[in-house]
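Encoded as structure tokens, the structure appears first; notes follow it.
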Number of protein chains: 2
Amino acid sequence: MTEFSLPPIQTTARDDAVLKALAGFVMQEALGPGQRLPTERILAERLKVSRNTVREALTRWEGLGLVERRQGSGTYLKAAVSPDMLHMPLTLAGGNDFTGLMRTLEIRRALEAEAAALCAIRAGKAEIAEIERKLGIMEEAFHCRAGMSAEEDWEFHQAIYRASGNPLFEQIIAAMHELFHRFWEHPLGVRDFGHASFPYHRTIYERIAAHDPNGARAEALKLIATVEDDLKRGAANLKLSDLK
Amino acid sequence: MTEFSLPPIQTTARDDAVLKALAGFVMQEALGPGQRLPTERILAERLKVSRNTVREALTRWEGLGLVERRQGSGTYLKAAVSPDMLHMPLTLAGGNDFTGLMRTLEIRRALEAEAAALCAIRAGKAEIAEIERKLGIMEEAFHCRAGMSAEEDWEFHQAIYRASGNPLFEQIIAAMHELFHRFWEHPLGVRDFGHASFPYHRTIYERIAAHDPNGARAEALKLIATVEDDLKRGAANLKLSDLK
DNA sequence: GTGGTTCAATGGTCCAACCAATTTCTGCAC
DNA sequence: GTGCAGAAATTGGTTGGACCATTGAACCAC
């Protein structure tokens, strides 16, 4: 029994149709992130559907992070859209406790190592220079403010993800990054959190600059390992039950 | 200028409140996947909000794959929900073409390698036995049906993800797996697709059984490399523009 | 300019009704 | 009683219209 390419006819697929039309419109008008798209009322009128239907469709896009709605102002694009996008929503149960954080960190280790390796292969002179610049900023902030360089640290890593040539790395890790923020507001009792990971930033950069993928991968693994150790130390110091 | 911890006050967060209440209800009633949750009309009445608001909230959950709505029947849970879930919707622009598939494959390589390494560290006797069992099934199917062992192959890998002790691996890769299916329906001109990766399944298993994380990681990397090679060969054979 | 006020535009919520798909009930034929 | 077709109730999907809350721009007094 071969599979017929017969998509089930759908008498009703209003919101989907709305999104398709809207995606087409966005492409046609060459709208990019930050730009405002038509009013809900106008969309409803133009597409000959109820404003409610338009809203459900936009709610979908909002949930996917494609769009941002500001009451009184309008609906704005947050990312580039194309008609052939693939959505893969992930929901992680219980990411608030220590175990959950540890698990996300394992994912990050996997991606960080691979991104560094790919970066070592693909990064051109411009990308390497950009990474070095971010590294310099981070190191300066680190020495200047005695270890408080979370923001600069993050930008350094982002530069690597970008230079990996695969935007998925940045997307996935950025999504998890919010989770870290939620957790790192509890200082965890470890004052010099992240101190141990500091030197590895430079070694990663050096391996990337030398176009040594395996070396970059190894250094990235070491970096995450130090973070995990810090985390474990912190967890040991602190009553875990207090974290709720 | 220090950062004040002043999240913007929100006088209105109706749909969010609805979802929180609903998540609480699901937990309280211990509802699991497949079970039906209350009617939209009932929810609207109980929560003292408009049915429209309930619908927007449910649309969010539907978009996240947490829930499935069947007209005339009801709304059913598709996954376990808890009040502290982390949502991380990923949209992959242009995932239908060769580049998009290659990118997801790079993510998979990262996760596959790390999962194998963790598995080598953590898997107990039972888990290793299970993996060996799946390996046997796969090898038999491979020899019997001349390479058509996609399903068994997938189950083998899933067993590894499960034994890694981190459910995130399985979740993320499972989400991407659907992408692959959509693509592999185009046979790509490569008849013996996946043949080259076959021997590495056993070597991965052996490194895991030997509790050798670095060895397992290396073998997993080799396996994905063969798949990438197959893919590149296929792409070279085929007019890429035909894939649309 | 500065600081308020007004006002139109826009997303957010609500309501009441109807449509469409599904399920359940009912009643008839056997 | 059984089985099945049709009616009725249930439920998500859609519509249109109304009003509220927020925003931002225009306007005005000072």
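Residue numbering restarts at 1 for every chain, and letters A, B, ... go by the order of the sequence lines. The shown structure was predicted, so the numbers you read here are calculated from the model rather than taken from an experiment.
- Residue A:Glu62 contributes atom CD, which lies 18 Å from atom P of C:dT10 at whole-angstrom precision.
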Would you tabulate the nitrogen or oxygen pairs shorter than 3.5 Å linking the protein to nucleotides 9-12 of chain D?
{"from": "D:dT11", "atom 1": "OP1", "to": "B:Arg36", "atom 2": "NH2", "distance (Å)": "3.2"}
{"from": "D:dT11", "atom 1": "O2", "to": "B:Gly72", "atom 2": "N", "distance (Å)": "3.2"}
{"from": "D:dG12", "atom 1": "OP1", "to": "B:Thr75", "atom 2": "OG1", "distance (Å)": "3.4"}
{"from": "D:dG12", "atom 1": "OP2", "to": "B:Glu40", "atom 2": "N", "distance (Å)": "3.1"}
{"from": "D:dG12", "atom 1": "N7", "to": "B:Arg41", "atom 2": "NH1", "distance (Å)": "2.9"}
{"from": "D:dG12", "atom 1": "O6", "to": "B:Arg41", "atom 2": "NH2", "distance (Å)": "3.0"}
{"from": "D:dG12", "atom 1": "N2", "to": "B:Gln71", "atom 2": "OE1", "distance (Å)": "2.9"}

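- Not counting sequence neighbours, the partners of A:Arg162 by the salt bridge (Lys or Arg N to Asp or Glu O under 4.0 Å) test are A:Glu170.
- Between A:Leu77 atom CG and C:dG11 atom P the separation is 13 Å, expressed in whole Å.
- Note: CD (A:Glu45) to P (D:dT15) measures 14 Å, nearest angstrom.
- In this structure, B:Tyr161 and B:His157 have parallel ring planes: the angle between them is below the 30° cut-off, well short of the 60° mark.
- Comparing B:Asn52 and B:Tyr76, the nucleotide of DNA chain C nearest to each residue sits closer to the 5' end for B:Asn52.
- Protein atom CG of B:Leu47 is 14 Å distant from nucleotide atom C1' of C:dT13, rounded to whole Å.
- Taking B:Gln171 as the reference, nothing meets the side-chain hydrogen bond (donor to acceptor under 3.5 Å, both in side chains) condition, with sequence neighbours excluded.
- Residues meeting the salt bridge (Lys or Arg N to Asp or Glu O under 4.0 Å) test with B:Arg46, sequence neighbours left out: none.
- Annotation: side chain to side chain donor-acceptor pair (under 3.5 Å) contacts involving residues 26-38 of chain B, sequence neighbours excluded, are absent.
- Scored by the side chain to side chain contact (heavy atoms under 4.5 Å, CB included) test, B:Leu19 finds B:Ala57, B:Arg60, B:Trp61 as partners (sequence neighbours excluded).
- To the nearest angstrom, P of C:dG11 lies 14 Å from CH2 of A:Trp61.
- Taking atom NZ of A:Lys48 as the reference point, atom C1' of D:dT14 lies 16 Å away to the nearest angstrom.
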